[in-house]
Protein chains: 2
Amino acid sequence: MERASQLQQEIKQRKPFRSKKQEAALGILRTADVIHRRGEALMAPHGITSQQYNVLRILRGAEPEGLPTLEIGHRLVEQTPGITRLLDRLEKKQWVKRWRCPEDRRQVLCRISKAGLALLERMQADVDRSEEESLQNFSQNEIQALIDMLDRARKA
Amino acid sequence: MERASQLQQEIKQRKPFRSKKQEAALGILRTADVIHRRGEALMAPHGITSQQYNVLRILRGAEPEGLPTLEIGHRLVEQTPGITRLLDRLEKKQWVKRWRCPEDRRQVLCRISKAGLALLERMQADVDRSEEESLQNFSQNEIQALIDMLDRARKA
DNA sequence: TCTTTTTACTTGACTAGTCATCTATTGTAG
DNA sequence: CTACAATAGATGACTAGTCAAGTAAAAAGA
């Protein structure tokens, strides 16, 4: 007579999972949700969402040339329309600048602004700390095993 | 000279991660995204989203009494306004019924309809198969280790 | 060179999730 | 019993992500 798993309790499910793989998959989804919420909670006081923060970080990494809209989208795994409007909001808040690329007028190049860089600077310490705290009590071996398993799951 | 990790390549990042924990945390987020997309792709042909499907499954588990609105929300970890509107859409599609609870007129009780049950029935086989395929090539030991680590990460 | 295709977005219409606010009840303390 | 607090939801306003179309510019083909 097994005890109900922790996840099973969390979602108040009566029946046990049909399989361990199913439980693990749901565990990944719920854990991602928790990590995501922690991230949002950290960002909110700065008036930015985690996705906007990710875009700014990508753009900082692409300084000083900047990047075309869709290239940012590819790095975020997001579909086009979303990234366009996300950039609209970042531009409205003056954290990014956009202009038509003169060499290829279909593209719109994006660069992070001074204000955007300053924002990232202000958030840096908080973010660094928080990104690790979810896996605080894990050994190096465990972390590596986790990384490897997740890589395999994504490839499947 | 280490090779760039797989995840680092996936997101086309130049700099290596500041820490393995950070890489693992991002790995969880990206893997969840992949699993989620596979789920949506499976649901879409049936005219339902994965979140709507989850609600229907919760309601099936609560037959024949049904559940009040917020209780469904708690099991989904979702905030109130979202679940209310999600149920609006499910009701419009005739997959759930809702009515005021006579004992406590603040509550709105929800039950899955016959059509909703039939839908779940039709989807069952596909869903069962898909929920396991992301972790197809994992041993029982690996799966258990993964589940345990994810549990710990959520508790942290 | 002129037409066709492809590429890079943009716009419109949804689903979804969040916060803040508001309403209807119920529960509770005087 | 009545005023006040707590609970269950609904509504409005955003951010975000998805698909389906539409536009403009560049690239390819005849």
Side-chain angles (χ1 to χ4, degrees), chain A residues 29-30 32-56 66-93 95-96 98-110, chain B residues 29-30 32-56 66-93 95-96 98-110:
Chain A
L29 293 173
R30 305 269 304 192
D33 190 59
V34 167
I35 292 175
H36 181 247
R37 279 165 200 274
R38 288 178 188 154
E40 291 294 347
L42 180 72
M43 309 290 174
H46 297 273
I48 192 172
T49 66
S50 64
Q51 201 60 321
Q52 291 176 355
Y53 176 83
N54 288 334
V55 168
L56 290 187
L67 283 177
T69 302
L70 290 193
E71 177 56 29
I72 300 169
H74 290 324
R75 298 196 189 187
L76 286 172
V77 197
E78 198 182 322
Q79 295 319 96
T80 320
I83 184 63
T84 296
R85 284 183 271 241
L86 207 158
L87 285 164
D88 290 345
R89 289 184 281 270
L90 286 174
E91 189 176 34
K92 194 155 60 186
K93 290 183 190 164
W95 288 325
V96 309
R98 289 195 286 182
W99 69 98
R100 273 276 145 213
C101 172
E103 289 85 45
D104 182 343
R105 294 188 34 71
R106 289 169 303 181
Q107 292 188 341
V108 174
L109 290 176
C110 310
Chain B
L29 294 173
R30 307 265 307 191
D33 189 60
V34 167
I35 292 175
H36 181 247
R37 281 166 199 273
R38 287 177 189 153
E40 292 294 347
L42 180 72
M43 308 292 174
H46 297 273
I48 193 172
T49 66
S50 65
Q51 200 62 319
Q52 291 176 354
Y53 176 83
N54 288 334
V55 168
L56 290 186
L67 284 177
T69 302
L70 290 193
E71 178 57 28
I72 301 170
H74 290 323
R75 300 195 189 188
L76 285 172
V77 197
E78 199 183 320
Q79 296 317 98
T80 320
I83 183 64
T84 296
R85 283 183 273 240
L86 207 158
L87 285 165
D88 289 346
R89 289 185 281 270
L90 287 174
E91 190 176 34
K92 194 155 57 183
K93 291 184 191 163
W95 288 325
V96 310
R98 290 195 286 183
W99 68 98
R100 268 291 138 209
C101 172
E103 290 83 46
D104 183 345
R105 295 187 35 69
R106 289 170 302 181
Q107 293 188 338
V108 174
L109 291 175
C110 310

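Throughout, protein chains are lettered first and strands after them, A, B, ... in sequence-line order, and every chain is numbered starting at 1.
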Round to a whole Å and report the spacing from [atom1] of [X] to [atom2] of [N].
| X | N | atom1 | atom2 | result |
| --- | --- | --- | --- | --- |
| B:I48 | C:dC14 | CD1 | P | 19 Å |
| A:W99 | D:dA25 | CH2 | P | 19 Å |
| A:Q51 | C:dA16 | CD | C1' | 15 Å |
| B:L86 | D:dG9 | CG | P | 15 Å |
| A:E103 | D:dA26 | CD | P | 10 Å |
| B:Y53 | C:dT15 | OH | C1' | 19 Å |
| B:M43 | D:dC19 | CE | P | 15 Å |
| A:H36 | C:dA16 | NE2 | P | 17 Å |

At under 4.0 Å between heavy atoms, what does [X] touch on the DNA or RNA strands: base, sugar-phosphate, or nothing?
| X | answer |
| --- | --- |
| A:E40 | nothing |
| A:T69 | sugar-phosphate |
| B:I83 | nothing |
| A:P81 | base |

Output the single nucleotide from [options] whose closest atom is nearest the side chain of [X].
| X | options | value |
| --- | --- | --- |
| B:Q79 | D:dT15, C:dT18, C:dT10 | C:dT18 |
| B:R98 | C:dT10, C:dA16, D:dA10 | D:dA10 |
| A:R89 | D:dA16, C:dC9, D:dG17 | D:dA16 |
| B:R106 | D:dA10, C:dG17, C:dT26 | C:dT26 |

Would you indicate, yes or no, if C:dA16 has its OP1 or OP2 atom less than 4.0 angstrom from a side-chain nitrogen or oxygen of B:Q52?
-> yes
Please state whether the base of [N] and the side chain of [X] form at least one donor-acceptor pair under 3.5 Å?
| X | N | result |
| --- | --- | --- |
| B:R37 | D:dG17 | no |
| B:R105 | D:dT7 | no |
| A:R100 | C:dT10 | no |

Using the closest heavy atom to pick a nucleotide of DNA chain D for each, name whichever of A:G82 or B:L70 lands nearer the 5' end.
-> B:L70
If you pin A:K92 and B:T84 to their nearest nucleotides in DNA chain D, which one's is more 5'?
-> B:T84
Qualifying residue for side-chain contact (heavy atoms from CB on, under 4.5 Å) with B:T69, from B:L87, B:T80, B:L109 | B:L87
Any donor and acceptor pair, going by atom type alone, linking the side chain of A:K93 with main-chain N or O of A:I48 inside 3.5 Å?
-> no
A:Y53 and A:H46: CA distance, side-chain angles, deciding distance, side chain to side chain contact (heavy atoms under 4.5 Å, CB included) verdict | CA-CA 10 Å; A:Y53 176 83; A:H46 297 273; over 6 Å; no
Verdict with supporting geometry, B:T49 and B:R89, side chain to side chain contact (heavy atoms under 4.5 Å, CB included) | CA-CA 11 Å; B:T49 66; B:R89 289 185 281 270; over 6 Å; no
Are B:K92 and B:D88 within salt-bridge range, i.e. N to O under 4.0 Å?
-> no
Closest nucleotide of DNA chain C for B:C101 versus for A:L109: which of these residues is on the 5' side?
-> A:L109
Would you say A:V108 and A:T84 make side-chain contact, with heavy atoms under 4.5 Å?
-> no
